[in-house]
2 protein chains.
Amino acid sequence: MAARGRRTQRRNQVLSREQIIDTAIELLDTGGEGALTVRALTERLATGSGAIYHHVGNRDELLDTVTETVVTAALATKPTRAPATPEDEIRVVALALFDAIAAHQWLATRLILQIIRNPVGPVTVGIFERIGRQVGALGVPRASWFDATSALVHYILGAVSQNAHIDGDTSGVDADTDREEFFGAAAAAWQELDPEAYPFMHAIIGQMSEHDDREQFLTGIAIVLDGLTHLR
Amino acid sequence: MAARGRRTQRRNQVLSREQIIDTAIELLDTGGEGALTVRALTERLATGSGAIYHHVGNRDELLDTVTETVVTAALATKPTRAPATPEDEIRVVALALFDAIAAHQWLATRLILQIIRNPVGPVTVGIFERIGRQVGALGVPRASWFDATSALVHYILGAVSQNAHIDGDTSGVDADTDREEFFGAAAAAWQELDPEAYPFMHAIIGQMSEHDDREQFLTGIAIVLDGLTHLR
DNA sequence: ACCTGAACACCGTTCAAGT
DNA sequence: ACCTGAACACCGTTCAAGT
């Protein structure tokens with residue numbers, strides 16, 4: 001937002017960091033990580049590669065910035081109804097991440113990568129702080145705050161990543177391989193498994209084809225929250 | 001193992017799939033994903049690129065195969081003492097994955113990527129089946145098996161991924177940036193945060209620098225297991 | 001300060017040719 | 001069947017040169 005004021009100050013700046021970030025997101029959403037090339041950026045933005053490097057320094061840095069932008073935006077959107085309980089607020093944050101990854105399939109891997117590489121970065125810290133506050137309000141004793149928050153965050157990120165479905169590189173085929181088809185194929189593949197070697201898989205095929213990702217995600221959160229109450 | 005018999009049959013096969021996989025793991029462990037190039041492989045194995053493509057078809061396929069190999073091996077190692085309870089067995093599986101990722105930092109992202117892209121692959125199915133059986137033994141009602149197992153697996157994979165620490169590309173600096181230094185830096189970074197904006201982060205700095213990853217991981221599992229009992 | 005675009009080093013992958 | 005290695009198309013990144 002500070003940059004917006006600057007733009008007019010600096011008269012006619014042709015290319016801006018925000019523009020690069022925005023087109024990068026477009027490219028990523030359309031064709032996955034493989035589609036974000038410096039050349040594709042220069043083409044869309046009608047510039048030279050040097051111009052891009054002048055603004056973002058690095059492809060990897062750009063990817064991190066983009067991830068940060070998307071996650072921050074997701075966490076910032078206010079829910080329609082103000083959350084009434086700490087549990088509600090945790091669900092709001094969790095679902096925001098869930099939806100962000102559903103909207104941007106490339107985000108799952110990038111988010112994890114960023115958290116691994118930069119555990120003190122704004123993304124990690126932002127999520128932790130947001131969830132952590134509720135853990136206190138939940139009645140978890142102070143000595144267990146870190147453990148409790150870690151458990152929640154780890155679950156959320158794990159679940160959310162697994163739910164990214166569909167190829168990260170959407171280059172190959174139709175992007176309309178939609179969820180029904182997807183789960184149908186999965187159920188069919190499970191059916192193929194040797195029932196002697198995989199009795200459990202066979203036992204849950206029915207639940208698999210009926211289940212709803214979002215609901216299952218919320219059930220998982222409920223399970224973890226429930227476990228947290230015993231830390232009291 | 002079937003291939004070993006074939007090796008003698010086919011007389012003097014110079015290059016084998018296993019060899020390629022093994023050197024790939026070496027390269028990955030040493031220098032991260034960036035170090036696994038076809039050229040590096042041809043050099044170490046003293047062949048041409050065509051030879052490698054004759055055996056593995058694809059860099060990406062190789063990466064998947066390697067991931068599968070490492071995960072399968074990790075899941076196959078028998079614990080010193082046979083697990084007595086379903087909870088024990090779950091911990092055994094979870095810690096096996098934990099240790100595998102600690103030993104191969106590149107594994108975290110690759111594992112997630114594989115699970116996203118191929119949710120019916122042997123890796124995903126293997127982990128699910130292994131954990132799922134215990135969930136039944138735990139007394140979770142059949143109708144909740146899928147939800148319960150998902151919660152556990154998602155937590156495990158989330159937690160385990162976050163604990164990969166240190167750069168995926170170990171190219172840049174010394175790989176000996178060891179954990180003490182790492183957590184020291186993290187704690188210091190948290191200290192820098194604005195206490196007004198990040199009260200929770202400040203509240204847990206102490207726990208952060210004292211905590212043990214492995215123990216925290218087990219605590220998390222205990223929390224989820226505890227939550228599962230309420231599904232009865 | 002901001003941008004251009006040629007040049008460089010390095011990729012994954014293919015393929016005609018060899019054994 | 002298995003391997004060689006040159007060739008191709010495509011990367012990210014740099015940098016002298018322009019405005």
Side-chain angles (χ1 to χ4, degrees), chain A residues 2-21 23-24 27-28 30-66 106 110 113 117 167-169 171-172, chain B residues 2-21 23-24 27-28 30-66 106 110 113 117 167-169 171-172:
Chain A
R4 193 146 290 267
R6 230 202 244 159
R7 175 114 61 116
T8 36
Q9 257 179 47
R10 288 219 184 277
R11 311 219 315 181
N12 259 9
Q13 197 177 358
V14 186
L15 191 63
S16 74
R17 224 177 115 89
E18 287 89 32
Q19 269 180 67
I20 297 178
I21 293 176
T23 18
L27 288 170
L28 287 165
T30 313
E33 256 206 53
L36 177 62
T37 67
V38 178
R39 276 166 178 81
L41 276 176
T42 60
E43 208 169 315
R44 281 241 189 160
L45 294 166
T47 39
S49 54
I52 289 178
Y53 282 90
H54 187 264
H55 285 280
V56 295
N58 210 315
R59 192 192 111 111
D60 225 65
E61 250 178 52
L62 173 59
L63 237 5
D64 280 349
T65 311
V66 156
W106 50 270
R110 266 292 144 176
L113 206 57
R117 286 205 284 215
D167 208 310
D169 280 275
S171 42
Chain B
R4 194 147 290 265
R6 229 204 244 159
R7 174 113 60 117
T8 36
Q9 259 180 45
R10 290 222 183 276
R11 313 221 313 185
N12 260 5
Q13 197 179 358
V14 187
L15 189 63
S16 75
R17 227 177 113 88
E18 286 88 32
Q19 269 179 66
I20 297 177
I21 293 175
T23 12
L27 287 170
L28 287 166
T30 313
E33 257 206 52
L36 178 62
T37 67
V38 178
R39 275 162 178 85
L41 276 174
T42 60
E43 208 170 316
R44 281 239 190 163
L45 294 165
T47 40
S49 55
I52 289 178
Y53 281 90
H54 187 263
H55 286 280
V56 294
N58 211 315
R59 193 192 109 112
D60 225 63
E61 250 179 52
L62 173 58
L63 238 2
D64 279 349
T65 311
V66 155
W106 50 272
R110 265 293 147 177
L113 206 56
R117 287 204 282 215
D167 208 311
D169 280 273
S171 43

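Numbers restart at 1 for each chain; the letters A, B, ... are given by sequence-line order, proteins then strands.
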To the nearest angstrom, the CG-P distance between B:Asp60 and C:dG12 comes to 11 Å

Smallest heavy-atom separation, B:Ala51 atom then B:Leu15 atom, equals CB-CD2, 3.8 Å

Side chain to side chain contact (heavy atoms under 4.5 Å, CB included) filter on B:Leu113, not counting sequence neighbours, yields A:Thr109, B:Arg110, B:Arg117

Closest non-hydrogen contact found for A:Val66 with A:Ala24 is CG2-CB, 3.9 Å

Separation of D:dC2 atom C1' from B:Ile52 atom CD1, nearest Å, is 13 Å

Pairing string of DNA chain D (Watson-Crick or G-U wobble, both atom distances under 3.5 Å; | = paired to other strand) is ||.|||||...|||||.||

(message) If we ignore hydrogens and angles and just use 3.5 Å, is the side chain of B:His55 paired with the main-chain N or O of B:Ile20 as donor and acceptor?
(response) no

Check your understanding: Is the side chain of B:Arg59 donor-acceptor paired with the backbone N or O of B:Leu36 at a distance under 3.5 Å, no angle test?
Key -> yes

Would you say A:Trp106 and A:Leu27 make side-chain contact, with heavy atoms under 4.5 Å? no

note: A:Leu45, atom CG; C:dC2, atom P; distance rounded to Å ~ 16 Å

(Q) Please confirm whether the shortest side-chain N or O distance from A:Asn58 to OP1 or OP2 of D:dT13 is below 4.0 Å. (A) yes

From CZ of A:Arg17 across to P of C:dC2 the rounded distance in Å is 13 Å

Within the structure shown, what part of the strands sits under 4.0 Å from B:Ala40 by heavy-atom distance: base, sugar-phosphate, or nothing? nothing

note: A:Leu62, atom CG; D:dT13, atom P; distance rounded to Å ~ 10 Å

Correct closest heavy-atom pair for B:Val38 and B:Tyr53 would be CG2-OH, 3.6 Å

I'd like a list of close polar pairs between nucleotides 5-11 of chain D and the protein, N/O only, cut-off under 3.5 Å.
{"from": "D:dG5", "atom 1": "O6", "to": "B:Gly50", "atom 2": "N", "distance (Å)": "3.0"}
{"from": "D:dA6", "atom 1": "N6", "to": "B:Ser49", "atom 2": "OG", "distance (Å)": "3.3"}
{"from": "D:dC11", "atom 1": "N4", "to": "A:Arg39", "atom 2": "NH2", "distance (Å)": "3.3"}

Between CD of B:Glu33 and P of C:dG12 the distance, given in whole Å, is 11 Å

*Taking C-beta and beyond as the side chain, do A:Val56 and A:Thr65 meet within less than 4.5 Å on heavy atoms?*
no

In whole angstroms, the gap separating P of D:dG12 from OH of A:Tyr53 amounts to 6 Å

A:Ala40 and A:Ala35 have their tightest heavy-atom pair at CB-O, 3.8 Å

_Looking at D:dT4, I'd like to know if its phosphate oxygens (OP1 or OP2) sit under 4.0 Å from a side-chain N or O belonging to B:His54._
no

